[in-house]
Amino acid sequence: MDDDRAAQDMTPAERDSLAEISGQCFSACYQCGNCSAGCPVRESMDLPPHVAIRCLQLGCLGELATANTPWICASCQGCSVRCPRGVDIAGAMEALRQVVLRRTTDRLVLHEIDKEALADLPQLAVVGATRKFTI
Amino acid sequence: MDSLSYYPGCTLKTKAANFERTALAVMRHAGIELTELKEWTCCGATFSLACDNLMYQVAPIRTLIRARESGNSRLLTLCSMCYNTLRRAALFVRADEKRAEAINRLMDLEETECRGDEIDVVHILNVLDEIGETRIRELTDTSPCDLRVAPYYGCLLLRPREIAVDKMEDPDIMERILAAVGCAPVYFPFRNECCSAYHVVARRAITEDRMRKIVESALKNDADVIAVSCPLCSYNLDAVQQQVRARDAGFRTLPVLYLTQLMALRMGLGAQGQDFALHYVDPRPVLKRKGLL
């Protein structure tokens with residue numbers, strides 16, 4: 001995967017669509033950090049989840065634009081269930097992914113995966129990955 | 001409760017055949033009749049969190065249409081991903097009738113509609129819980145067994161709350177079932193920590209890291225095996241262990257089995273249906289040592 005940028009040059013329309021895609025605004029977050037504390041993959045993220053939400057709150061999309069955060073998210077829902085404010089952080093990650101994917105830029109190209117490894121995988125892993133990382 | 005429709009999903013017929021065969025055997029032994037859905041298709045895992053694109057809900061809703069056509073309002077799934085996706089899709093569609101209208105209109109060749117409130121999707125853990133520990137104990141071979149089993153839940157059975165099969169942070173459904181079949185359940189803190197799911201496809205380093213943490217936690221708590229109830233968790237914990245072991249001879253492996261494989265062995269259903277060649281870390285040595293094989 002050569003380009004992990006979450007929201008490269010996000011247009012105003014794309015920025016506004018984040019609320020529609022995720023079904024929420026993010027103003028309820030008060031930065032307690034519970035989400036990041038419980039995130040199983042935060043060590044691989046450029047920005048942990050609570051910082052990504054902060055970027056969304058403040059409109060600092062430049063910083064978010066160069067972060068790999070939504071592509072590292074494993075959709076485990078740990079963040080969303082533990083948020084004391086009911087913010088669906090996992091949903092925010094999905095919205096960030098969708099904005100990029102809807103530019104018809106797939107983030108997973110199956111024919112670049114080693115064929116033997118691909119053949120060994122359980123189907124549901126491949127289906128899940130294509131659901132999250134391709135349009 | 002004694003007859004359910006059954007939705008296998010893709011992986012249960014192939015890499016997770018052990019899960020299917022032993023689950024069906026355990027259900028039969030408990031007197032529960034399962035009827036596989038006709039003409040089932042992919043459930044559409046994983047559940048899409050995008051609120052504005054109903055195309056992502058078509059696959060799971062189509063599965064629920066098949067379930068409606070079966071005539072049985074209870075649908076059993078074995079795969080955690082199928083369970084999570086189907087239940088969440090039903091709730092999503094039920095929450096706004098415009099969603100159901102749009103999706104059913106798209107699937108205009110289907111003769112049946114689905115509004116999301118017709119089918120009760122259950123996971124095998126729910127059904128085993130309904131059967132109850134007393135009955136499970138009665139159905140089990142009572143010879144002693146000191147197999148220490150670390151039950152691993154993963155994410156999708158427990159989150160979000162509205163579809164959780166048990167308490168999200170402190171589940172005990174697998175521990176109770178394991179105790180009922182005479183195994184020794186082992187608590188370990190990584191039992192509901194994500195295995196990294198689909199990252200095994202293109203970011204395997206993340207999956208390796210998660211697998212190490214989960215397996216090491218189980219080993220630290222003296223587990224002999226890990227029990228799972230999800231084909232993806234099984235692969236991420238089993239196959240990825242073997243890959244790490246191939247590079248690092250010092251890595252201590254721990255066999256991974258489906259809960260129903262252990263139940264079938266303990267219920268005297270034999271090892272006949274079990275294909276140990278599907279495992280990556282061979283469980284036979286420890287199962288033999290502990291008298292299950």
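The figures here come from the full heavy-atom set of this structure, side chains too, leaving out hydrogens, waters and symmetry mates. Order of the sequence lines sets the chain letters (A, B, ...), proteins ahead of strands, with each chain counted from 1.
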What part of [X] gets closer than 4.5 Å to chain B, counting heavy atoms only: side chain, backbone, both or neither?
X        : value
A:Glu43  : side chain
A:Ala90  : both
A:Gln98  : side chain
A:Leu18  : neither
A:Val127 : both
A:Gln77  : both
A:Leu121 : both

Exercise. Is B:Asp170 salt-bridged to B:Arg191, cutoff N-O under 4.0 Å?
Worked result: yes
Problem set entry | Distance-only side-chain donor-acceptor flag, A:Ser75 / B:Tyr198, under 3.5 Å | yes
Problem set entry | Pair B:Glu20, B:Tyr6: side-chain N/O donor-acceptor within cut-off below 3.5 Å |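 There is such a pair (donor and acceptor under 3.5 Å, judged by atom type) between the side chains of B:Glu20 and B:Tyr6.
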For this session: With B:Arg99 as the cation and B:Phe92 as the aromatic partner, state whether NZ or CZ is under 6.0 Å from the six-membered ring centre and within 45° of the axis.
Result: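 The answer is yes; both the distance and angle limits are met.
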If you count heavy-atom pairs within less than 4.5 Å of chain A, which of [options] leads?
options                     : value
B:Ala45, B:Cys155, B:Cys194 : B:Ala45
B:Cys43, B:Cys10, B:Ala205  : B:Cys10
B:Arg88, B:Gln243, B:Met55  : B:Arg88

For this session: Tell me, for B:Thr14 versus chain A, whether the close heavy atoms (under 4.5 Å) come from the side chain, the backbone, both or neither.
Result: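 Interface part for B:Thr14: side chain.
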Problem set entry | Segment of B:Ile206 engaging chain A (4.5 angstrom heavy-atom cut-off) |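 Only the side chain of B:Ile206 comes within 4.5 Å of chain A.
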Exercise. Going through the distances and angles, do B:Gln261 and B:Arg21 end up as a side-chain contact (heavy atoms from CB on, under 4.5 Å)?
Worked result: CA-CA 9 Å; B:Gln261 283 182 276; B:Arg21 285 196 291 258; over 6 Å; no
For this session: Show your reasoning for whether side-chain contact (heavy atoms from CB on, under 4.5 Å) applies to B:Met211 and B:Asn236.
Result: CA-CA 7 Å; B:Met211 177 282 292; B:Asn236 286 354; 5.9 Å; no
